[in-house]
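Counting starts at 1 for both ligands and their atoms, in listed order. This structure is a prediction, so every number in the text was calculated from the model and none was measured.
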Amino acid sequence: MAKSKKASVDRRGFLKGAAAGAAVLVAKPQLADAQQPGASQQSAQQIPQNRGASGSAAEPTQVALARETGGRPAENSRVIEHPGSDYMVDVIKSLNIEYLAANPGSTYESLHESLINYGDNKMPEFLTACHEESAVAMAHGYAKIEGKPMMALIHGDIGLQHASMAIYNAYVDRVPIYMIVGNHADGARRAPGVQSLHSAQDLGALVRDFTKWDDEPLSLGHFADTAVRAYNIARTPPGGPVLLVCNHELQADPIQGATPRIPKLTLTSPPAGDMAAVQGAAKLLINAERPQIIAQRMARTPEGMALLVELAEVLQAPVNSQERMNFPTRHPLAGTGWQGYQPDVTLNLEVADILPQARIDRTRGAKTIAITAVSLAHKSNIQDFGHYADIDLDIGADAQATLPALIEEIKKQLTPDRKRTLQERGAKLAEAHKKAWEQQIEQAQYGWDSSPISLARLSAELWPLIKNEDWSLVSWQGFISNWPNRLWKFDKHYQYIGGQGAGGMGYGAPAAVGAALANRKHGRLSVSIQTDGDLNYAPGVLWTAAHHRIPLLTIMHNNRGYHQEVMFVEEQAALHNRGADRSHIGTKLWDPNIDYAKMAQAYGMHGEGPITNPDDLVPSLKRGLEIVKKGEPAMIDVVTQPR
Ligand SMILES: Cc1ncc(C[n+]2csc(CCOP(=O)(O)OP(=O)(O)O)c2C)c(N)n1
């Protein structure tokens with residue numbers, strides 16, 4: 001909870017006797033940021049004061065304008081004893097949110113101050129971001145490790161526009177994020193200029209198409225209800241980002257009378273599949289000759305992985321896991337079966353867009369089952385779905401919550417005879433898995449000594465250095481040809497965070513920092529293989545990692561370009577019957593080459609490279625890992641093959 005009543009009364013007493021603004025800084029000298037050079041030397045006049053002399057937070061003043069544009073505001077001795085934002089902090093603390101990431105902004109200045117002083121900058125702790133997209137994507141990465149939301153504080157309509165792509169990624173990835181955006185909604189009270197320009201009549205509308213829920217509370221009681229409800233909605237499968245629009249007046253006006261009761265959070269239990277449908281699915285799966293399980297956004301918690309292992313083993317079916325850690329990569333049933341294994345029944349667990357394969361399968365009489373909570377939560381405008389999937393059994397429910405019943409039902413229906421047949425299939429699948437594994441090791445050797453360095457070698461050289469640690473890969477593998485999946489042994493739920501969700505670049509670097517933040521308190525070693533195009537969207541997140549001492553080894557997959565797009569342009573050139581020799585135009589990041597070691601150093605972390613000789617790789621990775629194990633971020637720039 002927040003500071004004790006006595007402590008906060010004492011602080012207020014102190015505030016009364018001093019110049020208010022200066023007191024805010026002096027009162028909390030132990031705060032890390034307040035100790036930065038110059039912070040304590042600020043005079044009372046330099047502390048922003050935009051309130052009118054009447055004691056109301058109402059009047060738009062020239063002071064408000066001046067402060068936003070760099071002018072010197074007038075002195076003001078008024079003190080607001082108990083701002084609404086203190087109560088908001090109590091409400092937020094009741095949700096047990098560990099961190100918030102934000103770029104500062106005047107639309108939430110009152111809440112900002114209450115969080116760091118009244119709330120003691122704990123639960124949540126404030127992390128300084130350098131771009132709103134980074135703040136939200138950090139929260140995205142954090143939730144994928146921790147399974148619960150982090151907060152992003154956003155400044156008005158401009159900050160929300162910056163944040164929007166990251167919100168969209170999280171929405172499609174069904175990841176909970178808790179967002180508060182400040183607003184100056186009351187046109188009669190806000191100042192002209194930025195207070196108006198950064199506000200909106202319906203701020204949530206900017207991102208409503210891809211947030212799970214938003215609300216704009218009108219009173220503190222309404223704020224408490226909305227804040228608790230939003231948290232619950234974010235976490236109820238399918239999860240998603242939620243947004244509270246928080247008006248300046250609600251934050252800054254003094255609380256009148258007693259504070260409203262804070263509702264108790266009770267998480268909604270996820271929907272499990274209808275029993276008749278589950279029984280039907282069990283029957284189809286038991287009778288299948290070549291069943292297949294595809295798991296995409298299935299495992300929400302460590303139990304999800306354990307359930308999927310149990311399902312696979314009881315069925316002796318191969319599991320093709322995508323996007324998340326759903327299934328151990330070295331389990332004998334991991335993969336897609338033996339060569340030519342054509343599934344006759346496919347079970348899709350939280351698979352977003354299953355249509356193309358389902359239609360192909362239908363033409364040869366194969367059946368498709370889907371279990372996903374996304375069927376219960378569609379929106380219209382943004383097209384995060386494909387054609388209508390003509391699947392045979394469509395179970396609208398959370399897959400993880402449905403697995404216990406499905407496993408039970410399969411066990412019940414399985415005869416000893418059928419069990420024997422399934423065991424025989426399992427032995428063949430295990431053989432196929434082993435063969436596929438050996439092939440990967442062989443393939444990894446192609447181009448072993450090449451420069452630029454092969455991604456297989458990079459992954460293979462990294463593995464022995466981390467495999468005895470409690471490691472976590474906090475970057476997507478799509479653009480590194482899935483080499484870690486093909487060579488490493490992933491068997492814990494936090495060992496991989498998957499991709500962007502909606503394919504929006506700029507996600508990778510901040511999501512890695514957010515995931516590393518979540519891993520930090522568990523003492524895990526976070527490693528990211530970072531593409532260069534993605535990092536350059538908002539590299540300031542490197543400073544956030546350095547400033548907040550977030551241990552993360554970033555290994556640049558520096559192919560000096562937007563290689564995915566190089567390939568697309570080359571393909572078009574071929575289609576148009578023209579040469580591909582100009583495909584670098586608009587797609588390559590060279591001339592000049594970007595110096596990532598210097599970039600890392602500029603942001604305050606260890607940086608080395610570019611590594612072009614593969615023999616230099618291991619010593620450099622070792623140096624980076626040593627630094628990360630001491631609790632700091634580090635970057636190694638490796639010049640790599642395109643894929
Ligand atoms: C916000 C955004 N803009 C543009 C794209 C189009 N796009 C898809 S892949 C890609 C290249 C990414 O480059 P990089 O991260 O370096 O990965 P590489 O393909 O080089 O491995 C781009 C620009 C996108 N997905 N997202």
Side-chain angles (χ1 to χ4, degrees), residues 131-138 140-141 160-173 206-207 209-210 241 323 352-353 382-384 447 450 452-459 473-486 497-513 528-542 554-572 580 583-596 599-600 609-612 635-643:
H131 195 302
E132 287 80 359
E133 184 173 293
S134 309
V136 173
M138 275 176 68
H140 189 165
L160 197 55
Q161 289 177 76
H162 260 309
S164 60
M165 189 211 70
I167 299 172
Y168 181 47
N169 269 336
Y171 175 74
V172 175
D173 210 12
L206 287 179
V207 293
D209 281 328
F210 43 89
E323 284 298 326
D353 187 0
I382 297 291
Q383 302 285 292
D384 62 334
S450 62
I453 293 168
S454 98
L455 288 156
R457 177 157 184 183
L458 171 60
S459 307
L473 179 64
V474 292
S475 54
W476 184 52
Q477 301 183 54
F479 287 171
I480 56 170
S481 303
N482 281 310
W483 274 113
N485 248 354
R486 292 157 72 177
I497 67 164
Q500 311 85 5
M505 294 296 129
Y507 152 95
V513 172
S528 164
I529 302 178
Q530 170 67 51
T531 60
D532 53 340
D534 179 276
L535 177 66
N536 279 294
Y537 277 88
V541 75
L542 298 176
T554 301
I555 303 164
M556 289 307 297
H557 162 28
N558 180 6
N559 59 17
R560 293 188 170 143
Y562 300 104
H563 186 72
Q564 190 61 40
E565 300 298 328
V566 175
M567 294 192 291
F568 287 149
V569 176
E570 282 173 350
E571 187 183 20
Q572 288 303 308
S583 304
H584 61 279
I585 298 174
T587 57
K588 293 302 285 186
L589 292 166
W590 59 28
D591 189 20
N593 291 332
I594 299 169
D595 188 334
Y596 293 100
M599 182 191 272
I611 310 275
T612 51
M635 181 189 279
I636 310 295
D637 177 16
V638 183
V639 180
T640 45
Q641 294 288 332
R643 279 286 178 273

If you look only at distance, which donor and acceptor atoms sit under 3.5 Å apart when one is on a side chain in residues 131-138 and the other is two or more places apart or in another chain?
from : atom 1 : to   : atom 2 : distance (Å)
H131 : ND1    : E133 : N      : 2.9
H131 : NE2    : H162 : ND1    : 3.1

Next on the checklist: I need the nearest protein heavy-atom contact for atom 24 (C) of ligand 1: residue, atom name and distance, please.
Outcome noted: M505 CG, 3.6 Å

Checklist entry - Is the shortest N/O to N/O distance between G561 and ligand 1 below 3.5 Å? => result yes

Next on the checklist: Under a 3.5 Å distance rule, please check whether Q641 uses its side chain to pair with a backbone N or O of P452 as donor and acceptor.
Outcome noted: yes

Next on the checklist: Under 4.0 Å, counting heavy atoms only: does G506 come that close to any atom of ligand 1?
Outcome noted: no

Checklist entry - Within the structure, does P642 bring an N/O atom to less than 3.5 angstrom of an N/O atom in ligand 1? => result no

Checklist outcome for this item: Per-atom filter on ligand 1: closer than 4.0 angstrom to a heavy atom of G533 are 13 (O), 14 (P), 15 (O), 16 (O)

Item to check | Aromatic ring proximity, centroids under 6.0 angstrom, Y507 and H140 | outcome: yes

Item to check | N559 (side chain) donor-acceptor with T640 (main chain) under 3.5 angstrom | outcome: no

Item to check | Contact check: G504 vs ligand 1, nitrogen or oxygen atoms, below 3.5 angstrom | outcome: no

Checklist entry - What atoms of ligand 1 come closer than 4.0 angstrom to any heavy atom of F479? => result 9 (S), 17 (O), 18 (P), 19 (O), 21 (O)

Item to check | Atoms in ligand 1 with a heavy atom of D532 nearer than 4.0 Å | outcome: 16 (O)

Next on the checklist: My understanding is that we take every heavy atom of each candidate and find the minimum distance to atom 8 (C) of ligand 1. Doing that for M165, Q530, E565, E133, which one comes out nearest?
Outcome noted: E565

Item to check | Those atoms of ligand 1 less than 4.0 Å from some heavy atom in N559 | outcome: 18 (P), 20 (O), 21 (O)

Checklist outcome for this item: Closest to atom 21 (O) of ligand 1 by heavy-atom distance, out of Q500, R643, M556, Q564, is R643

Checklist entry - Which residue holds the protein heavy atom closest to atom 4 (C) of ligand 1, what is that atom called, and what is the gap in Å? => result Y537 OH, 3.5 Å

Checklist entry - How are the rings of Y537 and Y562 set relative to one another: parallel (under 30°), tilted (30 to 60°) or perpendicular (over 60°)? => result perpendicular

